[in-house]
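Here the structure is a predicted model, which means the values were calculated and not measured. Residue numbers begin at 1 in each chain, while the letters A, B, ... track the order of the sequences. Values below: all heavy atoms of this structure, side chains included; hydrogens, waters and symmetry mates excluded.
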2 protein chains.
Amino acid sequence: MKTQTIAKQLHALGNPTRLAIYRQLVRAGETGMPVGKVQKALKIPASTLTHHLQRLIGAELVKQERDGNELFCSVNFDKMRTMINFLEEECCADVCDTAMAS
Amino acid sequence: MKTQTIAKQLHALGNPTRLAIYRQLVRAGETGMPVGKVQKALKIPASTLTHHLQRLIGAELVKQERDGNELFCSVNFDKMRTMINFLEEECCADVCDTAMAS
DNA sequence: ACTATATTTCTAGAAATATAGTAATAGTTT
DNA sequence: AAACTATTACTATATTTCTAGAAATATAGT
């Protein structure tokens, strides 16, 4: 069920540390950045960082790819879009009035 | 800190039951719908529902307003927008390439 | 006051989570 | 292969969360 998947993704982002990691990666764009660089940027103990990254990867929000010595992490932007759409779609499907005027 | 606030909101949505509740309310638009109606629609025990609603309210994603016997719940669409923007803003700020072409 | 309906508080057990130290592994370079 | 860097697995502890039953409270109608 889709709700499960999206909830898992939102849950993954629903932690200040992970949200900071994710944002850092969002800034890094398609190229992404190596784990070590994230660690230095945010000053998170390596073991803690791995734990959180696994969470984000498990939710398919982030992917990893090795480049020699380093492991590059990057955001899965498609999934991000899908997740956001899920929240917005069917807005006011039952009662349509002034909501979401943006 | 803003990250804390947004993380709290994402966390609030990061539970299948709560996500279902939230979506139900998104569908209901500005008018919202009473707690009892949500309960019937989703078949959640009242006490459990209250617990989850408090979570959503605590995150300022949902607000309540009494109308006689019933307590109407409705989505705070402004906060929703802010939350989503937080995820998207600064996208690729560090490295700008093909990401998020939508 | 009595009754009905709507919603919340109290409570608690089971499961999941966050954090981080230490040990281990994998890949690179010399 | 040894030394080095990068990353993960193992482990432990404190804390939070999910769930829902039973009792309590709030509001309205009679």
Side-chain angles (χ1 to χ4, degrees), chain A residues 1 3-25 28 31-75, chain B residues 1 3-25 28 31-75:
Chain A
M1 224 238 231
T3 307
Q4 300 285 328
T5 309
I6 305 287
K8 188 175 180 181
Q9 295 177 336
L10 290 165
H11 191 179
L13 293 176
N15 168 278
T17 305
R18 274 196 303 270
L19 184 54
I21 294 168
Y22 188 74
R23 278 200 112 207
Q24 187 74 226
L25 295 178
T31 315
M33 61 195 283
V35 178
K37 199 171 170 190
V38 176
Q39 200 208 322
K40 267 151 210 152
L42 302 177
K43 299 193 179 91
I44 303 168
S47 61
T48 305
L49 178 56
T50 292
H51 168 248
H52 287 309
L53 278 174
Q54 292 312 321
R55 212 55 131 46
L56 291 169
I57 291 165
E60 294 188 294
L61 287 170
V62 166
K63 51 192 187 315
Q64 282 182 328
E65 195 178 355
R66 180 169 286 279
D67 178 21
N69 214 2
E70 291 172 321
L71 198 55
F72 272 74
C73 308
S74 60
V75 167
Chain B
M1 229 241 230
T3 307
Q4 300 286 327
T5 309
I6 304 288
K8 189 175 180 181
Q9 294 177 337
L10 290 165
H11 191 179
L13 293 176
N15 169 277
T17 306
R18 273 197 303 272
L19 185 54
I21 295 168
Y22 187 75
R23 277 198 114 207
Q24 187 74 225
L25 295 178
T31 316
M33 61 194 286
V35 177
K37 199 171 170 190
V38 176
Q39 200 209 321
K40 267 151 212 152
L42 301 176
K43 299 192 180 88
I44 304 168
S47 62
T48 305
L49 177 56
T50 293
H51 168 247
H52 286 308
L53 278 174
Q54 291 312 321
R55 213 54 132 49
L56 291 168
I57 291 165
E60 294 189 294
L61 287 171
V62 167
K63 51 192 187 311
Q64 282 182 329
E65 195 178 355
R66 183 167 283 279
D67 178 20
N69 215 4
E70 291 171 321
L71 198 54
F72 272 75
C73 308
S74 59
V75 167

Could you state the [atom1]-[atom2] distance from [X] to [N], rounded to the nearest angstrom?
X	N	atom1	atom2	answer
B/I21	D/dC18	CD1	C1'	12 Å
A/R66	D/dT8	CZ	C1'	10 Å
B/N69	D/dT30	CG	P	12 Å
A/L71	D/dT5	CG	P	18 Å
A/Q64	D/dT7	CD	P	9 Å
A/Q54	C/dT19	CD	C1'	16 Å
A/I44	D/dT8	CD1	C1'	16 Å
B/L13	D/dC18	CG	P	12 Å

Using only side-chain N and O atoms of [X], determine if any of them is under 4.0 Å from OP1 or OP2 of [N].
X	N	answer
B/T50	C/dT8	yes
B/S47	D/dA20	no
B/R18	D/dC18	yes
A/T17	C/dT19	yes
A/N15	C/dA18	yes

5' precedence on DNA chain C between A/G68 and A/G14 (nearest-nucleotide basis) =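 Final value for this comparison: A/G14.
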Measuring from B/N15:CG to A/Q4:CD, what's the distance to the nearest 0.5 Å?
->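 Spacing of CG (B/N15) from CD (A/Q4) equals 9.0 Å.
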Distance, nearest 0.5 Å, that separates CG of A/L56 from SG of A/C73 =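 The distance works out to 9.0 Å.
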Could you tell me whether a side-chain N or O of A/Q24 sits under 3.5 Å from a main-chain N or O of A/V38, the two making a donor and an acceptor?
-> no
Would you check, one step at a time, whether the test side chain to side chain contact (heavy atoms under 4.5 Å, CB included) holds for B/Q54 with B/T50?
-> CA-CA 6 Å; B/Q54 291 312 321; B/T50 293; 4.2 Å; yes
In terms of heavy-atom contacts, does NZ of A/K63 have more than 12 from other residues, nucleotides or ligands at under 6.0 Å?
-> yes
With sugar-phosphate meaning primed atoms plus P, OP1 and OP2, does A/H52 contact a base, only sugar-phosphate, or nothing at under 4.0 Å between heavy atoms?
-> sugar-phosphate
Checking all strands, does B/Q39 fall into the base, sugar-phosphate, or nothing category for heavy-atom contacts under 4.0 angstrom?
-> nothing
Let's see if you can work this out: which of [options] has an atom nearest to the side-chain heavy atoms of [X]?
X	options	value
B/P45	D/dA20, D/dC18, D/dA6	D/dA20
A/H11	C/dA20, C/dT17, D/dT17	C/dT17
B/R55	D/dA20, D/dT17, C/dT7	D/dT17

Which atom pair, heavy atoms only, marks the closest approach of A/L49 to A/I44?
-> N-CG2, 3.8 Å
Write down the partner of D/dA28 under the Watson-Crick or G-U wobble criteria, each distance required to be under 3.5 Å.
-> C/dT3
Is there a Watson-Crick or G-U wobble partner for C/dC10 with both distances under 3.5 Å, and which nucleotide is it?
-> D/dG21
